[in-house]
J.: 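The structure's right below; bear with me while I get my questions together.
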Protein chains: 2
Amino acid sequence: MKYSTRDKILDAVYKLVYINGCNGTSIDMILKECSIPKGSLYHYFKSKKEMVLTVVKERIAPKMHEFYDLEKVKKEDGVDIMVRAILKVSQKEELVKFGCPLNRLNQEMSPVDDDFAKAINFIYDRMKSDILSALKDSSIKADVDLDSLAQFIIATVWGSLSLSPRHSSIKRYLNTINHLVSYLESLKY
Amino acid sequence: MKYSTRDKILDAVYKLVYINGCNGTSIDMILKECSIPKGSLYHYFKSKKEMVLTVVKERIAPKMHEFYDLEKVKKEDGVDIMVRAILKVSQKEELVKFGCPLNRLNQEMSPVDDDFAKAINFIYDRMKSDILSALKDSSIKADVDLDSLAQFIIATVWGSLSLSPRHSSIKRYLNTINHLVSYLESLKY
DNA sequence: TTTAGTTTAGACTATTTGGTCTAGTGGAGG
DNA sequence: CCTCCACTAGACCAAATAGTCTAAACTAAA
């Protein structure tokens with residue numbers, strides 16, 4: 001299985017943009033990171049923007065999906081599935097250190113670029129609706145508004161991670177998120 | 001009362017950096033925004049970095065403080081003070097639209113610049129300890145860990161705001177934050 | 001009114017930026 | 001072996017970038 005130039009580029013861009021932000025990452029940094037000449041880069045992508053947008057779709061989207069799409073197969077309580085997913089986040093070192101890549105890019109680019117806003121929003125919506133369907137399939141009391149709860153879960157996890165990189169650590173993340181878990185448990189009938 | 005050049009600069013930088021980010025804001029944009037020549041700008045600040053760092057200390061810090069420092073004078077339950085502060089956030093249009101300015105700058109700059117990390121962390125710590133003291137002076141059950149609760153509150157508010165600018169609105173913010181309020185209420189004895 | 005210091009003014013510079021262009025190279029199919 | 005085309009290579013470019021410098025215009029105090 002060969003490691004294609006295109007993949008090399010996308011991996012490098014993902015990594016650099018994740019840490020330095022989109023505006024903080026220059027073409028030269030990317031070229032240096034993956035040791036390819038400029039010609040190759042512009043052979044695969046027509047602009048920097050298209051490159052980063054591709055990273056959103058082909059790198060960030062799957063990573064986001066991976067997080068909450070754990071074995072739904074089992075007939076398990078939706079809340080428990082969610083809780084396990086949220087706790088699992090702590091195992092991803094980079095997440096605790098740098099926060100959610102989607103959230104970071106959202107904050108940087110959405111206010112100033114509609115194409116980014118759309119692409120990011122798309123992923124966000126899918127994530128939210130998947131969380132929603134997990135919650136629907138759970139023992140949560142009937143009077144709880146699940147839509148806002150799904151949003152609350154995302155907000156809290158993103159927020160906990162965004163205290164990074166200076167204020168957070170795995171332990172701290174878990175302490176913080178523990179309150180979310182208690183709250184979710186308290187909503188069961 | 002005159003509107004000094006220095007203040008004009010800081011206001012412009014605050015506004016531009018808030019929306020476009022630090023790397024997304026050029027010196028020329030700043031000059032144009034406040035219609036001053038380059039000489040003046042570099043008379044007051046020796047570099048762009050120093051300028052933005054000054055904005056953190058003289059613009060963002062007071063704004064953050066203003067939010068949670070509401071009439072503590074009254075002998076009121078700390079939780080109620082917090083809840084009122086959190087709800088009040090929704091009245092600040094720009095907050096709901098663009099998120100918390102401290103959080104945004106934190107995510108962009110902290111991973112790549114220690115001076116920013118320190119300055120931002122300083123404000124964060126002060127905010128957290130103020131929240132903590134409000135919580136200590138409240139009717140929250142004794143077995144609740146207040147430190148992590150303070151962190152949870154910040155994380156949730158920041159997270160709710162960071163769903164912006166594409167996913168949020170005042171209504172949505174309140175819906176989301178409503179879960180936080182319920183949780184806080186449930187912690188009272 | 002002179003003087004000294006602060007503030008304004010903007011032309012100028014060196015570097016970095018994203019992006020183009022043309023020439024070559026390598027490997028798969030004929 | 002040849003041919004063709006995807007890919008590599010990096011020199012080159014115009015624009016934007018942060019920051020410098022010198023001169024002038026204020027302003028307040030003597």
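Chain naming here is simple, since letters A, B, ... match the order of the sequence lines and numbering starts at 1 in each.
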J.: Does a side-chain N or O of A/Ser40 approach OP1 or OP2 of D/dA9 to a distance below 4.0 Å, or not?
T.: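 Answer is no, no contact under 4.0 Å.
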J.: Taking only the side-chain heavy atoms of B/Ser47 (C-beta and beyond), determine which of D/dG10, C/dG19, D/dG19 contains the nearest atom.
T.: D/dG19
J.: Between A/Glu50 (CD) and C/dG19 (P), how many Å, whole number?
T.: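 These atoms are roughly 10 Å apart.
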J.: Show your reasoning for whether side-chain contact (heavy atoms from CB on, under 4.5 Å) applies to B/Phe152 and A/Asn178.
T.: CA-CA 9 Å; B/Phe152 178 71; A/Asn178 197 41; over 6 Å; no
J.: Using whole Å, what does the distance between atom C1' of nucleotide D/dT17 and atom CG of B/Asn20 come to?
T.: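 Checked: the CG to C1' distance equals 15 Å.
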J.: Answer yes or no for B/Lys63 and B/Tyr14: cation-pi contact, defined as NZ/CZ to six-membered ring centre under 6.0 Å and angle to ring axis within 45°.
T.: yes
J.: Flag the pair A/Lys49 / A/Asp113 as yes when at least one side-chain heavy-atom distance between them is below 4.5 Å, and no otherwise.
T.: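 Yes, their side chains come closer than 4.5 Å.
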J.: In whole Å, what is the span from the CG atom of A/Leu41 to the C1' atom of D/dA6?
T.: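 Interatomic distance, CG of A/Leu41 to C1' of D/dA6: 16 Å.
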J.: Starting from P on C/dT20, measure out to CD1 on A/Ile27 and report it in whole angstrom.
T.: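 Atom CD1 in A/Ile27 sits about 11 Å away from atom P in C/dT20.
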J.: Starting at NZ of A/Lys46 and ending at C1' of D/dC7, how long is that distance when rounded to a whole Å?
T.: 20 Å
J.: So, does B/Ser26 get its side chain near the phosphate of D/dT17, meaning an N or O under 4.0 Å from OP1 or OP2?
T.: yes
J.: Rounded to the nearest angstrom, tell me the gap between atom NZ in B/Lys38 and atom P in D/dA18.
T.: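 Rounding to the nearest Å, NZ of B/Lys38 and P of D/dA18 are 8 Å apart.
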J.: Which atom pair, heavy atoms only, marks the closest approach of A/Leu105 to A/Cys22?
T.: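 Minimum heavy-atom contact is CD1-CB, 4.3 Å.
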J.: Nearest of D/dC7, C/dT8, C/dG19 to any side-chain atom of B/His43?
T.: C/dT8
J.: How many whole angstroms separate atom CZ of A/Arg6 from atom C1' of D/dA6?
T.: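 Rounded to whole Å, this separation is 15 Å.
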J.: Checking B/Tyr3 against B/Asp11: is there a side-chain donor and acceptor pair closer than 3.5 Å?
T.: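 Judged by distance alone, the side chains do pair up.
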J.: Any idea which of C/dT8, D/dT8, C/dT17 is nearest the B/Pro37 side chain?
T.: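 That would be C/dT8.
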J.: Does B/Thr25 reach a base, just sugar-phosphate, or nothing at all? Heavy atoms under 4.0 Å.
T.: sugar-phosphate
J.: For A/Ile9 and D/dC7, give me the distance from atom CD1 to atom P, rounded to whole Å.
T.: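 To the nearest whole Å, that distance equals 11 Å.
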J.: Taking the side chain of B/Tyr44 as its heavy atoms from C-beta onward, which of C/dG18, C/dT7, D/dA9 lies nearest to it?
T.: C/dT7
